[in-house]
Amino acid sequence: MTGAFAQRHIGTDAAAQRTMLDALGYADVDALVKAAVPASIHVQPRATSDIPPAATEAEALAELRALAAQNRVARPMIGLGYYDTFTPSVIARNVLENPSWYTAYTPYQPEISQGRLEALINFQTMVTDLTGLATANASMLDESTAVVEGMLVARRGSKSASNVFLVDADTLPQTKELLEHRAAAVGIEVRELVDGEQVDAFGAFVQYPGASGRVWDFTEVAAAVHAQGGLVVVAADLLALTLLRSPGALGADVAVGTTQRFGVPLGFGGPHAGYMAVRAGLERQLPGRLVGVSQDAAGQPAYRLSLQTREQHIRREKATSNICTAQVLLAVMASMYAVYHGPDGLRAIATEVAQKAQALAARLREYGLALATDAFFDTLRVTVPGTARRVVERARERGYQLHLADEATVGVAVDETTTADDLAAVAWAFGLPEAEFLGAGEQGERVLAFDGATPLAGIPSSLHRVEEFLTHPVFNTHRSETAMMRYLKTLADRDYALDRGMIPLGSCTMKLNAATEMAAVSWPEFSRVHPFAPEADVHGYLAMIEQLEVWLAEVTGYDAVSLQPNAGSQGELAGLLAIRGYHRANGDVARDVCLIPSSAHGTNAASAVLAGMRVVVVACDEAGNVDLDDLRAKIAAHADTLSALMITYPSTHGVYEHDVLEITQAVHDAGGQVYVDGANLNALLGYARFGDLGGDVSHLNLHKTFAIPHGGGGPGVGPVAAKAHLAPYLPGHRMAQRADHPGGVFEGGAVSAAPYGSASILPISWAYMRMMGLDGLRDATAAAVLSANYIALRLREHYPVLYAGEGGLVAHECILDLRPLREATGVTVDDVAKRLIDYGFHAPTMSFPVAGTLMVEPTESEDLGEIERFIEAMIAIKAEALAVAAGEWPADDNPLVNAPHTAVSVIEGDWAHSYSRETAVYPVRSLVRTKYWPPVRRIDQAYGDRNLVCACPPPEAFA
């Protein structure tokens with residue numbers, strides 16, 4: 001029996017499902033799905049389940065409150081790249097907690113993404129200004145993965161033939177771990193950077209400021225590396241850069257880092273937006289997303305993603321990065337923090353942080369304590385021989401978390417939230433008299449006179465910032481909360497998100513992100529927790545993580561789950577690295593071939609390359625299934641070197657392959673491992689399990705099947721699940737609070753900066769599973785498959801359904817072939833996609849996995865009314881295309897080729913088109929009161945792409 005929450009989550013009720021089933025000719029939903037899913041893989045009923053029966057929304061929130069209460073909201077002063085911060089309430093309420101921002105998709109349809117694209121170009125401008133480099137991308141996954149990507153950029157851009165990458169000894173420990181793990185897979189040798197030592201290397205990495213807080217001038221190191229043809233990568237703290245010379249001014253080629261302290265909560269490690277910026281000449285090497293300014297059909301400037309960097313993974317095995325989406329929602333927050341505070345506000349925040357650190361340092365020195373360096377911004381390393389652990393314990397007794405650097409050294413990091421009382425308590429932990437540390441203010445309050453301290457007192461003036469930054473008007477206009485609120489509302493209104501209507505994107509599962517699931521993200525017990533907090537302070541987090549790991553293992557048929565990967569692409573990489581580790585442990589170091597079907601997601605091939613594997617493509621047959629003969633031939637050709645097969649199930653073509661057990665057995669017989677891509681799990685959950693298909697390891701997309709929002713292109717979570725023999729090679733983390741998981745001890749290297757990745761959004765999936773229960777999850781799958789098949793049935797006579805399984809059934813998505821339409825009418829898939837905007841829809845996935853097609857996935861959350869509205873729009877667009885073919889409208893002047901239509905386009909000047917204004921903007925009467933108006937007309941996808949402006953353009957450009 002479906003629970004109360006599931007009935008609200010699933011959009012089609014019993015009456016609607018009856019209508020759809022009658023059209024399809026099935027007695028009930030279960031019969032439909034069982035007819036589509038091969039009987040050989042149906043999940044067998046379990047006598048018991050680790051997943052409890054569905055809870056109500058109130059019960060789930062109460063349980064989450066109980067878990068949250070087991071976390072201690074201490075004052076984190078650990079540092080190491082993570083800081084407490086004040087999220088301006090106007091940003092928290094209008095971005096983080098606003099479905100207009102968090103339910104949007106990646107801006108592949110730029111005409112209806114102008115708001116978040118502007119926010120991202122603000123982000124890019126903020127990063128380029130502060131780093132002093134030419135071009136920045138629109139976010140990375142976190143700082144440590146950004147450093148790895150920087151290393152790979154250096155390798156590609158270097159003129160040196162060396163295989164060595166030099167790494168600063170003062171690098172953040174989590175970044176060192178990630179570098180070592182990722183470098184080994186692609187044959188890079190990591191060595192410690194020694195100042196003054198000449199080593200032939202293709203690049204070098206500098207932490208600025210260092211993990212110890214030290215700020216140093218690396219210009220000589222940069223010059224030495226450049227002299228050998230190498231590149232310099234610098235991880236820089238953006239807040240510190242408001243006071244310090246920029247990396248670009250000191251010789252950096254690439255700057256990377258995190259924007260977390262720009263108003264993004266700690267969240268036990270994520271999600272946070274990393275960043276990357278490069279000097280002129282390296283733009284084409286940038287991984288991830290890059291936003292630029294193009295123009296629309298009316299010649300007006302408009303934002304879009306750059307073609308060169310928009311789809312790295314389209315290059316498949318030639319890709320240089322596997323990152324697909326990144327951390328858009330968090331990048332928006334960080335950029336708006338800069339918009340809200342402006343350059344003067346940011347400089348004031350940084351100055352006060354530096355003064356607090358100087359005041360604390362001065363008092364510690366007065367009492368004879370030695371510091372590791374006098375050149376610091378916000379972090380001190382204090383030498384306390386033999387008593388470091390006791391200092392940390394004393395601080396914790398008072399509610400403060402310090403960093404135990406070693407048995408003789410304590411690290412203390414201050415931030416914008418640090419108060420005079422905090423500094424006094426820390427001083428007390430070191431044994432200083434607290435009463436003497438605080439004075440009395442004018443009103444008798446306790447104060448620490450840090451405003452008199454000189455910021456950066458120990459840093460040479462040559463490293464003090466002289467360059468201006470954030471001079472664009474957008475960073476100097478929105479000072480009042482009224483202005484900021486209206487700016488955010490204006491941008492949100494330019495976008496199309498799930499709060500407006502269906503986003504039927506195939507392979508992307510844009511389902512409901514329920515408000516109850518989202519609630520805990522903002523609770524301080526989850527949001528204000530440092531990722532390296534002591535275990536005793538995070539029992540609630542660890543308990544929730546363990547429960548979620550167990551639940552996910554059960555529904556996928558695996559023995560162990562690691563929640564560390566903070567994107568689906570990173571989950572893929574983690575799974576392949578686990579396979580690599582397994583083979584190497586068995587002495588099979590030659591096994592490096594990864595078989596990948598031609599229909600696979602592009603990230604599959606890119607991830608395989610980054611895991612040190614050679615990609616061999618397996619053909620698909622006319623039905624869209626893996627060609628068994630070609631698979632057997634490829635296995636035979638690579639019998640001694642076969643490492644893995646990557647297969648998506650159901651297939652990328654939206655069908656359940658009936659030969660999947662034969663496919664996986666053939667790989668196992670040859671000594672290979674099977675990686676089942678979990679992107680399409682929403683079509684399988686409750687009916688079959690990856691582990692029962694012969695899968696050895698899979699990644700899951702919590703931002704698809706398990707209800708985490710897409711956030712305009714991130715965040716995501718891509719857990720990796722595996723059978724017991726691969727579990728030891730799943731991602732571990734040297735700084736994790738504990739090494740054991742329900743599936744064992746994970747000893748594989750880290751794939752994200754934080755031990756549990758984007759931990760603060762895990763309560764979303766926990767709540768989803770807790771409120772759905774096993775029956776609800778199964779019902780959601782059935783409803784999604786029903787809706788997809790209903791759409792396929794209704795539209796089949798208008799647009800051929802390219803692939804189908806037995807009985808003509810599809811899985812959770814269907815591919816509509818628009819190539820015959822183009823041949824008959826000249827109307828392209830782009831024309832249909834843009835015309836759908838006029839009808840009030842986000843277009844389905846375009847030209848993937850087959851060019852000239854639309855891949856439609858309605859999900860289980862849409863009701864029959866919205867599904868019918870989409871079907872009617874597609875039928876009406878077909879009729880419009882036929883009208884063009886019949887000569888009723890000219891081929892170069894009709895509602896399709898001119899779509900989308902803006903409000904301005906139908907009121908300006910004389911209407912000289914062959915169709916009416918009403919046809920342009922109100923093609924169906926239901927739109928009259930609910931019209932979504934795109935802010936721009938069709939954007940030129942090729943206009944000046946090599947010369948796109950990728951930072952904030954002057955305001956007059958939009959006049």
Flag the pair [X] / [Y] as yes when at least one side-chain heavy-atom distance between them is below 4.5 Å, and no otherwise.
X	Y	value
D495	S100	no
P709	H703	no
V897	D893	no
T125	F475	yes
E862	S787	no
V936	Q300	no
V332	Y337	no
Y108	M846	no

Whether the side chain of [X] engages the backbone of [Y] through a donor-acceptor N/O pair (distance < 3.5 Å, no angle test) should be reported.
X	Y	value
T825	V827	yes
T259	A273	yes
K704	S507	yes
H472	P953	yes
N122	M336	no
Y275	V256	yes
H710	Y102	no
T853	P849	no
T128	A136	no
T652	S599	yes

If I compare all heavy atoms of [X] with all of [Y], which pair ends up nearest, and what's the gap?
X	Y	result
V615	I596	CG1-CD1, 4.0 Å
S139	V328	OG-N, 4.0 Å
V832	L821	CG2-CD2, 4.1 Å
N137	R289	CB-O, 2.9 Å
P715	I708	O-CG2, 4.5 Å
V293	P301	CG1-CB, 4.0 Å

Could you go through the side chain to side chain contact (heavy atoms under 4.5 Å, CB included) check for R819 and V850 one step at a time?
-> CA-CA 10 Å; R819 292 171 297 183; V850 179; 3.7 Å; yes

At what distance, to the nearest 0.5 angstrom, does [atom1] of [X] lie from [atom2] of [Y]?
X	Y	atom1	atom2	result
T603	D677	OG1	CG	6.5 Å
L498	L512	CG	CG	8.0 Å
S321	M140	OG	CE	6.0 Å
C814	L795	SG	CG	7.0 Å
D817	Y799	CG	OH	11.5 Å
L836	L896	CG	CG	9.5 Å

Looking at [Y] and [X], is there a salt bridge between them, counting it only when a charged N and a carboxylate O are closer than 4.0 Å?
X	Y	result
R869	E866	yes
E111	R937	no
R835	D831	no
R304	D296	no
K878	E797	no

Stepwise, does the side chain to side chain contact (heavy atoms under 4.5 Å, CB included) test hold for I837 with Y496?
-> CA-CA 9 Å; I837 297 172; Y496 188 104; over 6 Å; no

Given side-chain hydrogen bond (donor to acceptor under 3.5 Å, both in side chains), test S246 with E467 step by step and report yes or no.
-> CA-CA 8 Å; S246 69; E467 313 102 307; 2.9 Å; yes

Do we see a donor-acceptor contact under 3.5 Å between the side chains of D142 and T145?
-> yes

Do S651 and T648 have side-chain atoms, one donor and one acceptor, less than 3.5 Å apart?
-> no

Residues in salt bridge (Lys or Arg N to Asp or Glu O under 4.0 Å) with R494, at least two apart?
-> E118

side-chain hydrogen bond (donor to acceptor under 3.5 Å, both in side chains) between N604 and E572: does it pass, once the steps are laid out?
-> CA-CA 7 Å; N604 285 181; E572 288 179 10; 3.0 Å; yes

Aromatic contact, Y915 with H901 (centres under 6.0 Å) | yes

Is the F848-H601 ring centre distance short of 6.0 angstrom?
-> yes

Salt bridge (charged side-chain N to carboxylate O under 4.0 Å, His left out) between D830 and K834: does it pass, once the steps are laid out?
-> CA-CA 6 Å; D830 293 81; K834 303 311 178 186; 5.7 Å; no

Scan for salt bridge (charged side-chain N to carboxylate O under 4.0 Å, His left out) pairs involving residues 847-858, sequence neighbours excluded, and state none if there are none.
-> none

Go through the steps to decide whether N322 and S607 satisfy the test side-chain hydrogen bond (donor to acceptor under 3.5 Å, both in side chains), and finish with yes or no.
-> CA-CA 5 Å; N322 74 329; S607 295; 3.0 Å; yes

Would you say K489 has more than 12 foreign heavy atoms packed within less than 6.0 Å of its NZ?
-> no

CZ of R486: more than 12 outside heavy atoms within 6.0 angstrom?
-> no

Salt bridge (charged side-chain N to carboxylate O under 4.0 Å, His left out) evaluation trace for R794 with E872 | CA-CA 9 Å; R794 291 287 310 280; E872 290 165 6; 5.8 Å; no

Stepwise side-chain hydrogen bond (donor to acceptor under 3.5 Å, both in side chains) check, N682 with T509 | CA-CA 8 Å; N682 210 51; T509 316; 5.0 Å; no

Could you go step by step and tell me if N894 and N898 meet the side chain to side chain contact (heavy atoms under 4.5 Å, CB included) rule?
-> CA-CA 6 Å; N894 59 70; N898 291 333; 5.9 Å; no

